[in-house]
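What follows is a short report on a single structure.
Note that these values count all heavy atoms, side chains included, but never hydrogens, waters or copies made by symmetry.
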Amino acid sequence: MNIPEQIQDARSGNAAAQKALFDHLADPMMAVCCRYLKNREDAEEVLLDGFCKFFSHLRDFRYQGEAALYAWIKKIMVNECLMFLRRYRAFSVMTERTAEEIALPVEPLAGLSADEIFNLIIRLPVGYRTVFNLHVIEGMEHREIAKALGIAEGTSKSQLSKAKLLLQKMLMQKGVRYVKRNTR
C-alpha cells in the first residue's frame, strides 16, 4: 500500500494503516524530537503526543507528496517539543557567565561525525539549543522564534549568538579548528 492510500485508510481509523504510517515516519521524527529534548524518554513521550495530534488532524491534511507530509508532521513534532519545554519550564534564558560555567571535556578529536555534532548541540543549554535548532536547522526567522517561544526577538538573537559562541568554545576544546565567517 502506498502513502496516499495509507493516509486515506488512516483517516478512516484503519489501525493497520496508522501503524504503517507510524512505522514509516517514527524514526525521522524521533530524530527531530531528540534535537530539542536531551532525555530520550521525554523525546519518546513527545513523539507519541505528536503522532496523536497527527492522526487526530489527518482529516485536515491534503496529500501533495511525501515532502509535504514530512514538512507537516515535522512542524507538529517541533511544536510539541516547544510545548513540552514550556510546560516543564525547561526553556530559560541563560547569561553568558552561567554558560561559561558549563563543564566541557578536553578530548581532542581529529574530525567530527554527525553524531559528534549532534552530541555537541544537545549539550547546549535548553534555551540556546532550542533557538539554535529553530533558526539554523528549521530555518525560522527570529520574529517567528520569538512568537513561538514567547520571548523578545532580541532575546532570540542573543540566545543564537551565545549558542554559536558556546559551540565554538566546545569545538576549540575538542581541538577542532574552525574559520570564523562573517554572516550578515
Side-chain angles (χ1 to χ4, degrees), residues 1 3 6-63 66-94 98-99 102-104 113-140 142 144-151 155-156 159-160 162-163 166-167 170:
M1 186 181 317
I3 299 286
Q6 289 174 345
I7 290 172
Q8 191 59 40
D9 289 350
R11 281 185 183 132
S12 307
N14 181 314
Q18 290 176 345
K19 182 178 180 340
L21 282 172
F22 179 87
D23 291 344
H24 182 71
L25 298 167
D27 286 344
M29 293 307 112
M30 183 64 174
V32 169
C33 294
C34 285
R35 278 203 317 258
Y36 290 90
L37 307 170
K38 272 186 175 178
N39 183 317
R40 185 157 181 88
E41 290 78 23
D42 291 341
E44 288 172 355
E45 177 183 334
V46 169
L47 177 79
L48 294 176
D49 290 346
F51 269 103
C52 285
K53 188 166 280 184
F54 169 76
F55 287 122
S56 69
H57 291 88
L58 195 55
R59 68 188 174 287
D60 302 327
F61 177 73
R62 298 293 165 245
Y63 185 81
E66 201 160 339
L69 175 64
Y70 272 98
W72 186 59
I73 192 167
K74 182 178 176 184
K75 183 175 177 124
I76 291 171
M77 294 301 168
V78 169
N79 286 335
E80 288 296 311
C81 288
L82 297 179
M83 286 192 304
F84 179 90
L85 291 171
R86 279 193 298 267
R87 186 176 332 133
Y88 293 103
R89 299 190 190 330
F91 183 83
S92 60
V93 177
M94 182 175 276
T98 308
I102 296 173
L104 300 172
S113 68
D115 277 346
E116 290 167 321
I117 294 168
F118 172 81
N119 287 329
L120 288 174
I121 292 170
I122 202 72
R123 288 182 33 229
L124 288 171
V126 175
Y128 291 10
R129 181 176 67 244
T130 304
V131 172
F132 182 86
N133 279 325
L134 291 172
H135 186 74
V136 175
I137 309 293
E138 308 299 339
M140 290 175 71
H142 289 290
E144 297 171 287
I145 295 169
K147 184 177 178 186
L149 298 177
I151 59 175
T155 302
S156 174
Q159 293 287 287
L160 178 63
K162 291 173 183 177
L166 188 54
L167 283 170
M170 289 177 184

Quick one: pull up [atom1] in [X] and [atom2] in [Y] and give me the separation to the nearest 0.5 Å.
X: Leu166; Y: Leu120; atom1: CG; atom2: CG; value: 9.5 Å
X: Gln6; Y: Phe22; atom1: CD; atom2: CZ; value: 13.5 Å
X: Leu124; Y: Phe132; atom1: CG; atom2: CZ; value: 7.0 Å
X: Leu25; Y: Trp72; atom1: CG; atom2: CH2; value: 10.5 Å
X: Ile76; Y: Asn79; atom1: CD1; atom2: CG; value: 8.5 Å
X: Gln18; Y: Phe51; atom1: CD; atom2: CZ; value: 11.0 Å

State whether Asp49 and Lys53 are salt-bridged, where the test is any N-O pair (Lys NZ or Arg NE/NH1/NH2 against Asp/Glu carboxylate O) under 4.0 Å.
no
Aromatic ring pairing His142/His135, orientation class (parallel under 30°, perpendicular over 60°, tilted between)
parallel
Verdict with supporting geometry, Tyr63 and Gln8, side-chain contact (heavy atoms from CB on, under 4.5 Å):
CA-CA 9 Å; Tyr63 185 81; Gln8 191 59 40; over 6 Å; no
Could you walk me through whether His24 and Glu66 pass the side-chain contact (heavy atoms from CB on, under 4.5 Å) check?
CA-CA 11 Å; His24 182 71; Glu66 201 160 339; 2.6 Å; yes
Validation row: [X], [Y] side chains within 4.5 angstrom (heavy atoms):
X: Val32; Y: Ile137; value: no
X: Tyr36; Y: Asp42; value: no
X: Met29; Y: Glu80; value: no
X: Leu167; Y: Tyr128; value: no
X: Cys33; Y: Phe84; value: no
X: Ser156; Y: Leu134; value: no
X: Leu160; Y: Val136; value: yes
X: Leu69; Y: Phe54; value: yes

Provide the closest heavy-atom pair for [X] versus [Y] in the form atom of the first, atom of the second, distance.
X: Met30; Y: Ala43; result: CE-CB, 3.8 Å
X: Asn14; Y: Ala16; result: OD1-N, 2.8 Å
X: Phe118; Y: Cys34; result: CZ-O, 3.5 Å
X: Leu21; Y: Ala10; result: CD1-CB, 3.7 Å
X: Leu47; Y: Ala26; result: CD1-O, 3.9 Å
X: Leu37; Y: Ile122; result: O-CD1, 3.8 Å

Would you check if the side chain of Arg62 reaches a backbone N or O of Arg59 as a donor-acceptor pair within less than 3.5 Å?
yes
Could you work out, with salt bridge (charged side-chain N to carboxylate O under 4.0 Å, His left out) as the rule, every residue matching Lys75, not counting sequence neighbours?
none
For the NZ atom on Lys38, are there more than 12 heavy atoms of other groups (residues, nucleotides or ligands in this structure) within a distance under 6.0 Å?
yes
Residue pairs fulfilling salt bridge (charged side-chain N to carboxylate O under 4.0 Å, His left out) with at least one residue in residues 25-34, sequence neighbours excluded:
none
Decide side-chain contact (heavy atoms from CB on, under 4.5 Å) for Val131 and Leu149; before the verdict, give the C-alpha distance in whole Å, the side-chain angles of both, and the deciding distance to 0.1 Å.
CA-CA 9 Å; Val131 172; Leu149 298 177; 3.9 Å; yes
